[in-house]
Amino acid sequence: MLSHNENEAEAAGGHEHPAWQAHHFYSGAQQKASVKLGMWAFLVQEVLFFSGLFMAYFAFRYLYPDTWLAAHELLDWRLGGLNTVVLLFSSLTMALAVRACQLDDMKAVVRYLWITIGCAGIFMVVKYFEYSHKFHAGTLPGKWYTFDGIEGGAPEVFFAVYFMMTGVHGLHVVIGIGIMLWMIFGPIRKGKISKDYYPLVENVGLYWHLVDLIWIFLFPLLYLVR
Amino acid sequence: MSASAHAHEEHGEHISSLKSYLVIFGILLVLTVVTVGVSRLGLPSDISIMVAIGVACVKAFFVAGWFMHLKWDTRFNLLVFLGGFWFMLVFFGFTLTDLGSRGNLIEANDNFSQRADMGAKYAEPAHHVEGSGGHH
């Protein structure tokens, strides 16, 4: 498919290819496109693996509709709503970090990344309070469920689904924090990111927006199911 | 054509304005308020969940289109991403159809939902199982 580009690529790759270009790419443009495509393929995998959890939610909701309606009353929609706003805002700052790359303002990139990390931290702190409340109340998955006061069968299944979905999502938030910290202290500090080459920041951004995207569906389904 | 000019063109380099990002963020906040508001109207739960999922899809559209820059990305990347959602819908469609039609094939599975006693195994307190199956 690329063969008709070969001459041109040879010309580009021959002498004046940029430092960031890996030798197994014909051209910088091809490298950028490939790196991006790889990320989208990874995101598709993320969507499909989360879809298994969403399917579990829908299947058990279908089997135990009354339980689902009763159990969600035990989740605090205000905390869920707060976390929604926090994540949306962090998505905004992440998008602005990528924009700052385009404008070649690396100071602003780092600043926006720190704000994004801060929001992710707030998200996890709220999550911690929600989880510890449930540990005290005994609204836990499976055999650890000790709460008494939900009408309908199998409330422990609702909480299995709840903890699995929010837990795996929370894990993604924590991993996101780690990647952003690494990016700030690694490639950005070493000056490897610039206006000319920033797919790393773009891809971390895409990952972060997907984490936000999943929460956009988790919030109404878990906290507002009515 | 020089390599850098080529890369430039290929990459699409659309730089959205600060204002456009803020507008999208504003839209997302409003939609969050809408989805909370609708859930508190006391609509029948079937309708309520349809609205909730619908609003979430609109939010996802704005996040994917503007924050994830799909609006300016190559059509191929868009196809890849939407393809993922297509397969998700196939997965949901077949699984829900199966779940909802068990009784049509095997009569013993008629009240499959009541038979799903995976939960009862754990919790001793009597769950009230209404109309518990006339089938055994």
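Letters A, B, ... are given to chains in the order of the sequence lines, protein chains preceding strands, and every chain is numbered from 1.
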So, His209(A) side chain and Met68(B) main chain: donor-acceptor pair closer than 3.5 Å or not? no
Kindly indicate whether the side chain of Lys59(B), heavy atoms from C-beta on, has any atom under 4.5 Å from the side chain of Phe217(A). no
One should read off an interatomic distance between Leu31(B) CG and Ile216(A) CD1, to the nearest 0.5 angstrom, of 9.0 Å
One pair to check against side chain to side chain contact (heavy atoms under 4.5 Å, CB included): Leu99(B) and Phe58(A). What are the steps and the verdict? CA-CA 10 Å; Leu99(B) 214 51; Phe58(A) 289 123; over 6 Å; no
Run the numbers on Phe219(A) and Val36(B) for side chain to side chain contact (heavy atoms under 4.5 Å, CB included), then give the verdict. CA-CA 10 Å; Phe219(A) 171 57; Val36(B) 171; 3.8 Å; yes
Tell me, yes or no, whether the heavy-atom count around Met106(A) atom CE, taken from other residues, nucleotides or ligands under 6.0 Å, exceeds 12. yes
Using non-hydrogen atoms and a 4.5 Å limit, figure out which bit of Leu210(A) sits close to chain B: side chain, backbone, both or neither. both
Audit row: Phe76(B), Trp40(A), side chain to side chain contact (heavy atoms under 4.5 Å, CB included) steps and yes/no: CA-CA 10 Å; Phe76(B) 184 60; Trp40(A) 283 110; over 6 Å; no
Nearest 0.5 Å, please: how far is OG in Ser45(B) from CG in Leu224(A)? 13.0 Å
Do the non-hydrogen side-chain atoms of Met55(A) and Leu96(B) ever get within less than 4.5 Å of each other? yes
Hey, are the side chains of Phe67(B) and Leu206(A) touching, using non-hydrogen atoms and a 4.5 Å cut-off? no
Determine the option with the most heavy-atom pairs under 4.5 angstrom with chain A, choosing from Ala56(B), Ser16(B), Gly83(B). Ala56(B)
Between atom NE2 of His72(A) and atom OG of Ser39(B), what is the distance when rounded to the nearest 0.5 Å? 6.5 Å
Kindly indicate whether the side chain of Ile49(B), heavy atoms from C-beta on, has any atom under 4.5 Å from the side chain of Arg61(A). yes
Nearest-0.5 Å distance that lies between atom OG1 in Thr74(B) and atom NZ in Lys36(A): 7.5 Å
Listed by number, the residues in residues 82-93 of chain A that come under 4.5 Å of chain B (heavy atom to heavy atom) are Thr84(A), Val85(A), Leu88(A), Phe89(A), Ser91(A), Leu92(A)
Okay, side chain of Arg99(A), backbone of Ile15(B): is any donor-acceptor separation there less than 3.5 Å? no
Determine whether more than 12 heavy atoms belonging to other residues, nucleotides or ligands lie under 6.0 Å from atom CZ of Phe49(A). yes
Test log, rule side chain to side chain contact (heavy atoms under 4.5 Å, CB included), inputs Arg40(B) and Trp77(A): CA-CA 11 Å; Arg40(B) 304 185 70 74; Trp77(A) 68 268; 2.9 Å; yes
